[in-house]
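Reading through the C-alpha cells given below for one structure.
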Amino acid sequence: MDIQQIEDTGLVRMYAKRDIALVRGEGARLWDSDGRQYHDFASNYGVNILGHADPEVTRAITEQAGRLLSCHQSFYNDARAAYVERLREKLPAELGRVFFSNSGAECVEAALKFARAATGRTHVLAARRGYHGRTYGALSATADKKYREPYAPLVPDFAHVAFGSLEELEAAITRDTAAVILEPVQGEAGVHLASPGYLEGVRELTRTHGSLLILDEVQTGFRTGKLFAWEHTGAAPDLLCLSKGIANGVPMGVTIVSEEVSEKLPPGTHGNTFGGAPLACAAALAVLDEIERRDLLSQSASTGAYLLERLRGLNAGGIRDVRGLGLMVAVELRERATKYLRALQERGFIALPGGATTIRFLPPLVIEREAVDTLVDTLGELLAGTREKAGTAAE
Ligand SMILES: Cc1ncc(COP(=O)(O)O)c(C=O)c1O
C-alpha cells in the first residue's frame with residue numbers, strides 16, 4: 001500500500017503534509033512506516049499527554065469498548081457519571097457544570113453560544129494572534145486572516161484586541177460585551193505567555209462590565225505543570241474550554257460553566273450526538289487517574305523547566321527568544337522555522353511550528369530528560385554558526 005499516494009490523491013488538500021507516515025507509538029516515541037523511530041516533541045499537536053499506547057488508557061478503552069461505546073446524553077451512563085464526578089473534584093466550586101462535545105472548536109463553540117445566551121448580549125472580544133478553532137464561532141474568535149478570509153462573512157459582533165494590553169481591552173469592552181475569550185498561553189501563535197497580572201486584570205474588567213470570561217485551555221489544559229493554566233494566576237474563568245489532551249487521543253471536548261451561567265441556558269437548545277460518549281469518558285478518567293498516580297504534573301513542570309533552561313543555554317545567534325510554561329515551550333528564530341523542523345525530523349525528532357519563525361515543543365508529560373538532552377544537543381548543532389542577522393544560518 002502506498003500510504004502517501006492514497007492520501008495525496010484521496011483527501012481534500014488542506015494540510016501541509018510531512019513526508020512520513022506514522023504507524024505506531026509507545027510512550028514518547030513514534031515509528032514511521034519504514035521502521036524509523038522518532039522522539040515525540042509534538043504529541044499530535046498536544047493531544048497524547050500520557051504518550052502513546054499508555055497501558056492504563058488502553059485497558060480502560062478496551063474494557064469500555066467491550067461494554068458500551070456510545071450513549072446519547074438523553075440517557076444516563078455510568079462511565080460518564082464517574083468522569084463528571086472525578087473532573088468536578090479538580091475544579092473550583094464555582095465551576096460546577098460540564099457540557100460534553102468532541103473537539104476543541106466544538107467546546108469553544110458551546111462556550112460562545114452559552115455566553116451569548118446567558119448574558120443576552122452579542123459582542124465577543126478575543127485576542128489578536130489567538131487561536132480557537134475553525135467552526136464559524138471559533139473562527140470568528142480566531143484573528144488570523146489566512147483562516148478567516150476564504151470563509152467570510154463570519155459571525156457578527158466579534159472584535160480583537162492585543163493580547164496583554166489591559167488598556168486596549170478597557171477601551172473595547174462595553175455593556176454589550178457578552179464575553180472575553182482568551183488562551184492563558186497563546187499556543188498556535190508560538191507560546192506567548194500573558195504578562196504577570198494580565199489575566200487578573202481581564203478578570204476584573206469582565207466583572208466590572210458584567211461580561212463573562214471564557215478561558216480556552218484546549219492546548220494549555222494539563223500541560224503547564226498544573227491541570228489548568230489559570231491556576232498559575234488568580235483569574236478563574238466563568239467558562240472553561242478543554243479538549244486535546246484530556247482523553248489522550250480519544251476525541252473529546254468539555255465546556256465547563258459556572259452554576260450561574262448554567263441556570264440561564266435554555267434546556268434543549270444546544271447539543272450533539274457523540275459528546276460524553278462512555279468510550280471517551282473512560283479514557284478521560286484514566287488520564288486523570290494516571291496524572292495523579294504518577295505525579296505527572298510536578299514531573300512535567302520540572303522537565304519543562306529543564307527543557308527551557310537547556311534551550312536558554314544554547315549559544316546560537318539565530319535564536320531570538322525562548323519561552324514556555326511547563327511542557328509548552330517555544331524557540332523563536334530569526335528566520336523561518338520550516339527548514340529546522342525538517343532537519344529535526346530527519347534526525348529523529350518531531351516538533352511543531354508556532355507561527356512562521358517559531359519551533360514549538362508540546363511533548364507528552366512522560367518525556368524523559370535524556371530525550372530532552374538529545375533534542376537540545378541536536379538543535380544546538382543545527383543552529384551552530386547562526387548569527388544575529390536573519391538569513392545567515394549555516395546549512
Ligand atoms: C487554544 C485552542 N483552542 C481551540 C483549538 C481547536 O481545537 P480542534 O482542532 O480540536 O478543533 C485549538 C487547536 O489547536 C487550540 O489550540
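Each ligand, and each atom within it, is numbered from 1 in the order the structure gives.
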R203 with D238: basic N within carboxylate O range, under 4.0 Å
yes
Taking K145 first and then E149, would you say they form a salt bridge - that is, a charged N and a carboxylate O separated by under 4.0 Å?
no
Does even one non-hydrogen atom of Y45 get within less than 4.0 Å of ligand 1?
no
Does K244 reach ligand 1, in the sense of a heavy atom lying below 4.0 Å from it?
yes
What residue and atom, counting heavy atoms only, is the protein's closest point to [atom], and at what distance?
atom	answer
atom 11 (O) of ligand 1	A105 N, 2.8 Å
atom 3 (N) of ligand 1	D216 OD2, 2.6 Å
atom 16 (O) of ligand 1	Q219 NE2, 2.8 Å

Within 45° cone and under 6.0 Å: R134 NZ/CZ vs Y147 ring:
yes
On the six-membered ring of Y38, is R29 placed so that its NZ or CZ lies under 6.0 angstrom from the centre and within 45° of the ring axis?
no
Could you check whether any side-chain heavy atom of D373 comes within less than 4.5 Å of a side-chain heavy atom of L375, counting everything from C-beta outward?
no
Which segment of E217 sits under 4.0 Å of ligand 1 when only heavy atoms are counted:
neither
Just let me know how E188 lines up against ligand 1, side chain, backbone, both or neither, with a heavy-atom cut-off below 4.0 Å.
side chain
Determine whether the side chains of D157 and T122 contain a donor N or O and an acceptor N or O closer than 3.5 Å.
yes
Between G104 and ligand 1, is there a nitrogen or oxygen pair with a distance under 3.5 Å?
yes
Does atom 14 (O) of ligand 1 have a protein heavy-atom neighbour under 4.0 Å away?
yes
Subset of ligand 1 atoms that lie under 4.0 Å from at least one heavy atom of E183:
1 (C)
Using the side chain to side chain donor-acceptor pair (under 3.5 Å) rule, take E109 and T135 through it: C-alpha gap first, then chi angles, then the decisive distance, then the call.
CA-CA 7 Å; E109 204 72 25; T135 53; 2.4 Å; yes
